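Comments concern the structure below.
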Protein chains: 2
Amino acid sequence: MNTWSLRLLLVRSSITRGLANMAKRGKKKEEEAADGQKDSSAAPPAKKGKKEKEPEAPILYEDPPDKLSTKDGRPANMKITSWNLDGLRAWIKKKGLDWVREELPDILCLQETKCAEKSLPQEITSMPEFPHKYWAGSEGKEGYSGVAMLCKTKPLNVTYGIGKEEHDKEGRVITAEFPTFFLVTAYVPNAGRGLVRLDYRKTWDVDFRGYLSELDQKKPLVLCGDLNVAHQEIDLKNPKGNRKNAGFTAEEREGFTQLLSAGFVDSFRELYPEQENAYTFWTYMMNSRAKNVGWRLDYFVLSRRLLPSLCDSKIRNTAMGSDHCPITLHIVV
Amino acid sequence: MNTWSLRLLLVRSSITRGLANMAKRGKKKEEEAADGQKDSSAAPPAKKGKKEKEPEAPILYEDPPDKLSTKDGRPANMKITSWNLDGLRAWIKKKGLDWVREELPDILCLQETKCAEKSLPQEITSMPEFPHKYWAGSEGKEGYSGVAMLCKTKPLNVTYGIGKEEHDKEGRVITAEFPTFFLVTAYVPNAGRGLVRLDYRKTWDVDFRGYLSELDQKKPLVLCGDLNVAHQEIDLKNPKGNRKNAGFTAEEREGFTQLLSAGFVDSFRELYPEQENAYTFWTYMMNSRAKNVGWRLDYFVLSRRLLPSLCDSKIRNTAMGSDHCPITLHIVV
DNA sequence: CGTGGGATG
DNA sequence: CATCACACG
């Protein structure tokens, strides 16, 4: 969509204040605009004689009840939750930890903590539910990126990064080894506004896939986190408008396809192959979450041979505190 | 005070969270510390057997009722209010304009608007009480400095800056000519943490004094605004601790003395020569305003020959919305 | 402690 | 529309 067609759209649809402010700043609305559905809720009474698009009741997604056993009836013995927090400190102020204490997973994986280890709030560093805590922060830029893994039981071993200097300075990956599997949590690099970092992302995708394949040869693995890609059209509300935007370019989608080809499965899509409107991220802009104009960017990806052990892959889209919602995996390990 | 004695002080006095965060960042606490009175309000019950300094009831200042006539009985016909807003947009959100509509001065002078003219909220640009509005913003840095003058009646002429290139890029001075006087509003450059900008301030003081003296030869003038200096010990709570700090260095105080020597008077001090605890600024830190640990940095300075026309010089220290309070002048012009 | 911008998402 | 770091006060 070009600037002019957007401008028309704005004029025609009684823009929201947020969008108006964006427009004022001039650029970078094309990338976001595709996520916004025109919202006439703040519009004056529809003029008679003109076709006005209805406010349209949003199509929500209600995650079904957790299934706690495998197809062949074995009970789940491991519960893993993953959440991109968009800033751990703000998320704590918004009572994110209360939700965690309700969910009570065995392992909690966090992305975009945006917090140096020394600045972590005491509420989380002293959390007795998870005696074993692992933090990775961005080295250069404070308050950027950052992932964490919090565990009830101690892993056999924990490593940081993917073993390539060029990728390992931004606090994006933690790997924990458990007796029967590896758990990898990742915050995959965003391709950026205007796709300025798409090239880097492509090399990341190659190297990260290599890293996972190597691990997978030792033990099966579970990968979770914000993979910063919506794989197929079903995985975001507005595929048409986002083909040129970070998270839905052909390159990023192909990267995910290649990952699956290397012997992994997208657990949610495996269980719910036709499920539409199931998203884990909504831009804060344009009231997208209320309208469920979202993206599925957060995944549990499993070594294919773990599939018989999969019980359920959940999207906790009622949990608030970030622009992402948490996801939870039930599995037998 | 050096770092070590401060550290002791912190340990001994059950620091507040705010101060703790400051300490965490390492430096630049010495400059602020002199403004803080130790606050044990958040402290655990005082340990027996140790001398604990009492929380000490703050010594407040209640501004007396407005005197609306001169000594010789002429009624005031001009009311001018000056306020350092510390960010106009935040100040509007904090209902600063409601206070202005109550006060309803003939002229409203604002400092530290921190807002480019194009970003001004409509609430103030469309304010019918002041049909004549003048704005000066910082050229290079957005959201820095900036002054304004809002008038009920139109001035004969309005100028910006003090006529010296080097001083006139930061939106610090507006001068309005009225039939019988000049009104100058100023946001004088802060000498900065560690006095990094004290040298510049000294040249400013010289040049600004020159500018005012020239004006004063044409018509008497009223200067108002944040002059960023507490003149005498009586003009701040903690003179001892602030001798090396911006706003109370010998150089800045001498600059103000020289200004008065050039034929001007500090209207408030002229009327209330012995009044202690009368301040117009309190740092947001360390709960200083509640404890009235403040500075008098905002002034109405008059050409000496206007003194017979002076009615009152008020400090509106109950008005909230900034770290400065407004001041108001009643005069006959 | 609180305001602004700017980078990033 | 949010997060955070930074500059400035």
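All chains are named by letter (A, B, ...) in the order of the sequence lines, taking the proteins before the strands, and each is independently numbered beginning at 1. Please read these numbers as outputs of a predicted model, since none were measured by experiment.
Closest to the A:Ala90 side chain, of the nucleotides C:dG4, D:dG9, D:dC4, is D:dC4. Among the nucleotides C:dG9, D:dG9, D:dC4, the one closest to any side-chain atom of A:Arg89 is D:dC4.
With rounding to whole Å, B:Lys114 atom NZ is found 13 Å from D:dC6 atom C1'. Across the protein-nucleic acid pair, B:Glu170 atom CD and D:dC8 atom C1' stand 11 Å apart, rounded to whole Å. Atom CD of B:Glu142 is separated from atom C1' of C:dG6 by 12 Å (rounded to the nearest Å). Rounded to whole Å, atom C1' of C:dT8 lies 11 Å from atom CZ of A:Arg172. Note: CG (A:Asp86) to P (C:dT8) measures 15 Å, nearest angstrom. Atom-to-atom, CD of A:Gln111 to C1' of C:dG9 comes out at 14 Å; the value is rounded to the nearest Å. Here the P atom of nucleotide D:dG9 and the CG atom of B:Asn242 are 16 Å apart, to the nearest Å. The OH atom of A:Tyr187 sits 11 Å away from the P atom of C:dT8 (whole-angstrom rounding).
Residue A:Tyr144 places no side-chain N or O under 4.0 Å from the OP1 or OP2 atom of D:dT3. In this model, the phosphate group of C:dT3 is approached by a side-chain N or O of B:Lys94 to a distance below 4.0 Å at OP1 or OP2. Contact check, B:Lys141 against D:dC8: a side-chain N or O comes under 4.0 Å of OP1 or OP2.
Aromatic pair A:His167/A:Tyr200: ring centres closer than 6.0 Å.
When heavy atoms are screened at a 4.0 angstrom cut-off, A:Asp323 is found touching no nucleic acid atom at all. Looking at heavy-atom distances under 4.0 Å, B:Phe281 makes no contact with the nucleic acid at all.
Under 3.5 Å, the side chains of A:Asp35 and A:Asn238 contain no donor-acceptor pair of N or O atoms. In this model, a donor atom of one side chain and an acceptor atom of the other lie less than 3.5 Å apart for B:Asp298 and B:Thr280.
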Inset, instruction - Apply ring-ring contact (aromatic ring centres under 6.0 Å, His included) to the pair B:Tyr299 and B:Phe256, showing each step before the final yes or no. - result: CA-CA 11 Å; B:Tyr299 297 83; B:Phe256 194 85; 4.7 Å; yes
Inset, instruction - Before giving the answer on ring-ring contact (aromatic ring centres under 6.0 Å, His included), spell out for A:Trp83 and A:Trp99 the whole-Å C-alpha distance, their side-chain angles and the decisive distance to 0.1 Å. - result: CA-CA 11 Å; A:Trp83 200 349; A:Trp99 185 89; 5.2 Å; yes
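For a distance-only test at 3.5 Å, the side chain of A:Arg193 qualifies as a donor-acceptor partner of the base of C:dG9.
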